[in-house]
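Notes to accompany the following structure.
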Amino acid sequence: MYRLALNMLFGDRAKLAMLLCGLAFSALLMAQQTSVFFGIMSWTYTPVYNIRAPIWVSDPMVEQANDAKPMRDTDLYRVRSVDGVAWAAPLHTSFLQARMQDGNFKLITMVGIDADTFAGAPAVLSQGLIEDLRLPNTVIVDEWGAQLMGRVTKGPDGKDVVIPLKVGDTFEVNDLEARIVGICKVRRAFTGGPFVYTTYDRTKLYTLGARRTLSFMLVEPQAGVDPDKLCARIEADTGLKAWTSDTVIWTWSDRSLARNTFWWFWKNTGIPFSFGTAVALGLFVGIAVSGQTFYSFVLENLKYFAAIKAMGAGMGVIARMLLIQALTAGLLGFGLGVGMAQAIGRAMIEKGMPPFIMFPQIFWATLALVLGISLVSAIIGIIKVSRVDAATVFRG
Amino acid sequence: MSTHAAQPVAVRTHGVDMFFGDGETKVTALKQADFEANRGELIMLVGPSGCGKTTLLSVIAGTLTPQTGTVEVFGQRLDGLSQEELTTFRRKHLGFVFQSFNLIPTLSVLENVMVPLLIQGASHDVAVTKARAMLEKVGLKGREYGQPNALSGGQQQRVAIARALVHEPSLLICDEPTSALDKDTGAQIMQMVRDLSRSPERCVVVVTHDHRIFRFADRIAEMEDGRIRRVVEDASLLDTNQL
Ligand SMILES: Nc1ncnc2c1ncn2[C@@H]1O[C@H](COP(=O)(O)OP(=O)(O)OP(=O)(O)O)[C@@H](O)[C@H]1O
Ligand SMILES: [Mg+2]
């Protein structure tokens, strides 16, 4: 009987296609909208993602990763002397204006890393060498920046062509030359411009001798030392704030810089609201469309189920038939929808815009929603069949 | 509960009242309906529209439970059975032929005929074998894997009959089985149904408006206002203008 239930579902290709389209469309909408939302939200903690260090230390007033409240350089020594710290390296971040060769200004996010350890350096360079950062007046620019700050010329067909920055090109920051020795691949940030890496010491020059340039300290615990416990010790000993660098925003962890950044933006900006409406709309349309398509499928088959019931099938059998149909359709629709969402997401990642992150949670939540919708439609169908009048069987 | 071959009565209703709704909208469909059908008999139920034919059929089939009266089918009392027990009863003893065939369009002809067997818990293979044999009997060999909608009305009704009989039910219930068919096809179908009724283990009840098929009946029960007015053996005794 259950085999027949599936054959009933697959028997009418046109209707099945409609049903799957409806379910797939809603799964796509739900997964797509939430993934883009979380993609954009994940840009907020890009610094934690790009600058890989087990522990971050900041001024106690700092609330999130894009928020720099510079500390004194001497704080570095205090952190280094905390029991369990293997090493601590300085990090500078600031938003500055870069003056291009053609005189245009571009906003950049300057990152100063420790020249001895290169702690916080970008993981992947597509051009150049990280060591060249030790040469005078040198910087490493990210790929997005290389494009953004590139020279615009007219191509042979009269259209604008961007010639991206490459190793050897120069620009100026506060009238100081910055010579590119590398192009790196890093994730984009939500705020500020492209990342321009230089050494920590040189940032004092580029920022025209700012009194304090120590935005963060990157700390490596000694072997066997628990990062969470070390954070607590650093805070107790120095009065500074210490963060872990795990980028899991879901689990409850007060020390995760990524998580705090994510939720800081959630609470303090309009992004969740403006985007949330789009997500909610996606969810709503998705639920409505898939519920409606499956429900109409159930309605169309109602009289056949009524006949099967008259012929002596118990409600248990009928309920299971409807559930099998619903869950099969739901799973197929979900697979198609999420597959499409992934494909679109991939294509968007290739282009770099907008970001797309399908957390496993989004995957499972979409699955749960689509199956939930199918289940509810099936249950409504089951109730309808259980109430169906004998007269309808004979009237057809 | 036991079946006595000696007892000639297959179906008996006594003092059956059936009404729908209540208060202002209360409709009485059956009023003290007394009906009897014998074993090995093909009996027809006729009467004007709304007189309660389908309702009586539903009561006999155990798909409707009357408010009062007794219903007995092959020695089994249906009144007082729970919904579950009625379902089991239908599964074991009943075959249905509906006016609108009610074939499932998304299943093949063969699968449609398999349904009653599968409901009874037969294995897929057994159901395939039996359904195939039954389709051959109704002259549809070679059409097993087609869709019902690709068949003519007469062929569809034959599929419906194959489905109604594949599990060898004792009581075959037909509501307007020929109304969608032309004269010749209707006669063909009725001949088949009549042949099937010729067994002491069987009984066929047919509701119809179609006077062209009256000749296939052993007896005809005429209904009026929710009760059996009279039972005749010869259709010519009926006032056909009233039907
Ligand atoms: N489920 C129901 N709810 C309310 N009233 C009903 C229901 N089923 C039947 N009736 C009413 O009961 C009466 C008998 O109906 P029934 O269907 O048994 O008539 P019938 O003799 O089969 O008519 P027809 O020849 O038109 O098929 C009618 O007045 C009908 O409106
Ligand atoms: Mg009727």
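Below, chains carry the letters A, B, ... as their sequence lines are ordered, and counting in each starts from 1.
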What are the two closest heavy atoms between [X] and [Y], and how far apart are they?
X      : Y      : result
B:L103 : A:Y304 : O-CE2, 3.1 Å
A:K309 : B:R90  : O-NH2, 3.0 Å
B:P116 : A:M311 : CG-SD, 4.1 Å
A:A307 : B:F98  : CB-CE1, 4.1 Å

Answer yes or no: does atom [atom1] of [X] have more than 12 heavy-atom neighbours from other residues, nucleotides or ligands under 6.0 Å?
X      : atom1 : value
A:F37  : CZ    : yes
A:Y49  : OH    : no
B:E84  : CD    : no
B:E85  : CD    : yes
B:D22  : CG    : no
A:Y2   : OH    : yes
A:E300 : CD    : yes
A:M315 : CE    : yes

For this session: Check whether B:H167 gets within reach of chain A through its side chain, its backbone, both or neither, counting any heavy atom under 4.5 Å.
Result: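 Interface part for B:H167: neither.
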
Exercise. Checking heavy atoms, do the side chain of B:L107, its backbone, both or neither come under 4.5 Å from chain A?
Worked result: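 Looking at B:L107, just its side chain touches chain A.
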
Problem set entry | Side chains of B:I104 and A:I308 in contact at under 4.5 Å (non-hydrogen atoms) |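 A side-chain contact exists here, since the closest heavy-atom pair is under 4.5 Å.
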
Exercise. Could you go step by step and tell me if B:I119 and A:V317 meet the side-chain contact (heavy atoms from CB on, under 4.5 Å) rule?
Worked result: CA-CA 8 Å; B:I119 291 174; A:V317 172; 5.8 Å; no

Exercise. Which distance, rounded to the nearest 0.5 Å, do you find between the CG of A:N7 and the CD of B:E111?
Worked result: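 A:N7 atom CG to B:E111 atom CD measures 4.5 Å (nearest 0.5 Å).
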
Exercise. Do you know which of B:L94, B:L86, B:V115, B:V207 has the most heavy-atom pairs under 4.5 Å to chain A?
Worked result: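 Winner by heavy-atom pair count: B:V115.
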
Exercise. Please walk me through it: do A:L16 and B:T106 pass side-chain contact (heavy atoms from CB on, under 4.5 Å)?
Worked result: CA-CA 11 Å; A:L16 179 70; B:T106 46; over 6 Å; no

Exercise. Contact part of A:R3 toward chain B, heavy-atom cut-off under 4.5 Å: side chain, backbone, both or neither?
Worked result: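 For A:R3, the side chain is the part near chain B, not the backbone.
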
